[in-house]
2 protein chains.
Amino acid sequence: MSTRTPSDTGRIASELRNVIGRLVRRLRAEHRFPLTHGAVLGRLDREGPAGVSDLAVREGVKPQSMAQTVADLEGEGLVSRRPDPSDGRRMLVEMTATGTAALEEDRRHREGWLATAISEQLTAEEQRLLGRAVELLRRISES
Amino acid sequence: MSTRTPSDTGRIASELRNVIGRLVRRLRAEHRFPLTHGAVLGRLDREGPAGVSDLAVREGVKPQSMAQTVADLEGEGLVSRRPDPSDGRRMLVEMTATGTAALEEDRRHREGWLATAISEQLTAEEQRLLGRAVELLRRISES
DNA sequence: TATTGTTATACTCTATAACTATA
DNA sequence: TATAGTTATAGAGTATAACAATA
């Protein structure tokens with residue numbers, strides 16, 4: 001119906017920035033493990049063992065930050081590290097049985113509010129729209 | 001055409017959580033003033049002077065956190081505080097000329113990447129979709 | 001007692017800098 | 001030299017706790 005002007009783009013950016021701040025605080029308040037911890041476990045589960053730098057690139061954080069994340073996860077017994085047989089510099093990070101269980105627990109807990117909010121606050125049509133929008137946001141975040 | 005199953009909801013929640021983490025890191029890396037600082041300035045600009053508790057509720061943070069944010073903004077000369085004439089407990093927070101200028105500067109800087117990314121990475125149709133999705137996310141974040 | 005606001009303190013998450021070890 | 005990883009440190013952003021002043 002209407003055309004998008006440049007100021008619409010700015011308004012969307014502004015509101016998106018605001019709403020992202022809110023969502024992050026809400027997600028943190030649910031204080032399961034940190035966002036990145038959950039993301040790493042999920043990735044290891046889907047894609048198998050990986051190096052620290054690989055994980056850092058995949059999650060869009062610095063290698064030093066990922067090293068800390070991995071150290072935390074190891075401290076909690078959720079992952080284990082072993083040297084890469086083919087490259088003495090690399091450490092292969094892989095999930096433990098405890099980690100798998102924690103991931104399952106986290107998946108259930110996610111239903112705790114974000115997934116629940118999506119299914120309860122949005123109509124089926126809106127859920128589809130959100131699903132498409134998430135892909136757009138991913139594209140933007142990786143640009 | 002297809003129906004959404006509960007697992008779709010979980011998948012959307014999972015991917016949304018991941019993409020939000022990425023966006024927040026990107027936004028932080030652009031290090032204008034903090035997300036909440038910009039949000040407070042924008043609100044004061046749109047809605048005029050407000051109390052600290054009002055702002056805390058509007059932005060979804062604790063009053064203590066907002067007091068710190070307001071103190072930071074005042075330290076930078078972007079807002080000023082004066083006692084509410086009608087209620088000795090309240091402090092009215094209002095923008096300074098410097099704050100208004102900083103907000104304008106921030107609005108221009110937003111074009112720096114989030115707004116630019118939206119206008120360059122997305123088609124007009126996708127921008128419309130994202131605009132609608134932001135409203136859905138707001139509803140979820142406030143639920 | 002309830003509300004508004006502040007200060008002090010701690011925690012979470014990520015970044016930068018400086019380093020070791022292997023390639 | 002370049003790459004994988006680590007440790008140490010700092011910073012941003014928000015929370016909780018304890019408090020003062022006013023209603």
Side-chain angles (χ1 to χ4, degrees), chain A residues 17-41 49-76 79-94 141, chain B residues 17-18 20-41 49-76 79-94 106 141:
Chain A
R17 193 174 68 155
N18 187 274
V19 86
I20 283 173
R22 287 173 172 274
L23 285 170
V24 146
R25 286 192 292 272
R26 288 294 297 265
L27 286 167
R28 246 204 313 265
E30 290 298 313
H31 76 296
R32 212 64 203 155
F33 28 54
L35 298 182
T36 304
H37 288 209
V40 166
L41 288 179
V52 172
S53 294
D54 301 336
L55 291 171
V57 171
R58 300 303 212 104
E59 300 302 334
V61 300
K62 298 294 176 189
Q64 301 95 315
S65 301
M66 185 53 70
Q68 187 57 57
T69 296
V70 168
D72 291 345
L73 289 172
E74 190 180 36
E76 293 163 7
V79 305
S80 61
R81 283 182 299 186
R82 58 185 171 83
D84 184 333
S86 65
D87 184 340
R89 297 171 303 181
R90 298 187 71 212
M91 297 295 288
L92 284 175
V93 181
E94 59 191 346
S141 74
Chain B
R17 194 173 69 153
N18 186 275
I20 283 174
R22 287 173 172 274
L23 285 171
V24 144
R25 286 191 293 274
R26 288 294 297 265
L27 285 168
R28 248 204 311 265
E30 290 298 312
H31 75 296
R32 212 64 204 152
F33 28 54
L35 297 182
T36 304
H37 289 209
V40 167
L41 287 179
V52 173
S53 294
D54 301 335
L55 291 171
V57 171
R58 300 300 213 102
E59 300 303 333
V61 301
K62 298 295 176 187
Q64 301 96 314
S65 301
M66 185 54 69
Q68 187 58 55
T69 296
V70 168
D72 292 345
L73 288 172
E74 190 180 35
E76 293 163 7
V79 304
S80 61
R81 283 181 299 187
R82 58 185 171 83
D84 184 334
S86 66
D87 185 338
R89 297 171 304 184
R90 297 187 73 214
M91 297 296 289
L92 284 176
V93 181
E94 58 191 346
D106 180 57
S141 74

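Lettering follows sequence order; numbering is per chain, from 1.
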Show me the side-chain donor-acceptor pairs of residues 56-63 of chain A shorter than 3.5 Å, one per line, residues at least two apart or across chains.
unit_1 : atom_1 : unit_2 : atom_2 : d
A:R58  : NH2    : A:E47  : OE1    : 3.1
A:E59  : OE1    : B:N18  : ND2    : 3.2
A:E59  : OE2    : A:R43  : NE     : 2.6
A:E59  : OE2    : A:R43  : NH2    : 3.2

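As a whole-Å value, the separation of B:E76 CD from D:dG13 P is 10 Å. Atom CG of B:D84 and atom P of C:dT4 are 11 Å apart (whole Å). One can place CE of A:M66 at 17 Å from C1' of D:dT7, the figure rounded to the nearest angstrom. Going from atom CZ of B:R25 over to atom P of D:dA12 covers 18 Å, rounded to whole Å. We find that CD of B:Q68 is positioned 15 Å from P of C:dA10, with the value rounded to whole Å. Rounded to whole Å, the distance from CZ on A:R28 to C1' on D:dG13 is 7 Å. Nucleotide C:dG5 holds its C1' atom 9 Å from the CE atom of B:M91, rounded to whole Å. Taking atom CZ of A:R82 as the reference point, atom P of D:dG5 lies 13 Å away to the nearest angstrom.
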Short N/O separations, protein against nucleotides 21-23 of chain C, under 3.5 angstrom:
unit_1 : atom_1 : unit_2 : atom_2 : d
C:dA23 : OP1    : A:G88  : N      : 2.9

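B:L92 and B:G51 make their closest contact through CD2-N, 4.4 Å (heavy atoms, listed as atom of the first residue, atom of the second, distance).
Taking every heavy atom of residues 49-64 of chain A and every atom of DNA chain C, pairs under 4.0 Å involve A:V61, A:K62, A:Q64, by number.
Closest to the A:R90 side chain, of the nucleotides C:dT12, D:dT6, D:dA4, is D:dA4.
Not counting sequence neighbours, A:D72 has no partner by the salt bridge (charged side-chain N to carboxylate O under 4.0 Å, His left out) test. When the salt bridge (charged side-chain N to carboxylate O under 4.0 Å, His left out) test is applied to A:E76, no partner is found at least two apart in sequence or on another chain. A:R90 meets the side chain to side chain donor-acceptor pair (under 3.5 Å) test with A:D54, A:D84; sequence neighbours excluded.
When heavy atoms are screened at a 4.0 angstrom cut-off, A:T36 is found touching the sugar-phosphate backbone but no base atom.
Considering only heavy atoms from C-beta on, B:T36 comes within 4.5 Å of B:M66 through its side chain.
The side chain of B:R81 contributes an N or O atom lying less than 4.0 Å from OP1 or OP2 of C:dT6.
Take the nearest nucleotide of DNA chain D for A:G21 and for A:L92: the residue whose nucleotide is more 5' is A:L92.
Among B:T69, B:V52, B:L73, the single residue meeting the side-chain contact (heavy atoms from CB on, under 4.5 Å) criterion with B:V93 is B:V52. B:S141 pairs in a side-chain contact (heavy atoms from CB on, under 4.5 Å) with only one of the listed residues (A:L23, A:V24, A:I20), which is A:L23.
To the nearest 0.5 Å, atom CE of residue A:M91 and atom OG of residue A:S80 are 9.5 Å apart.
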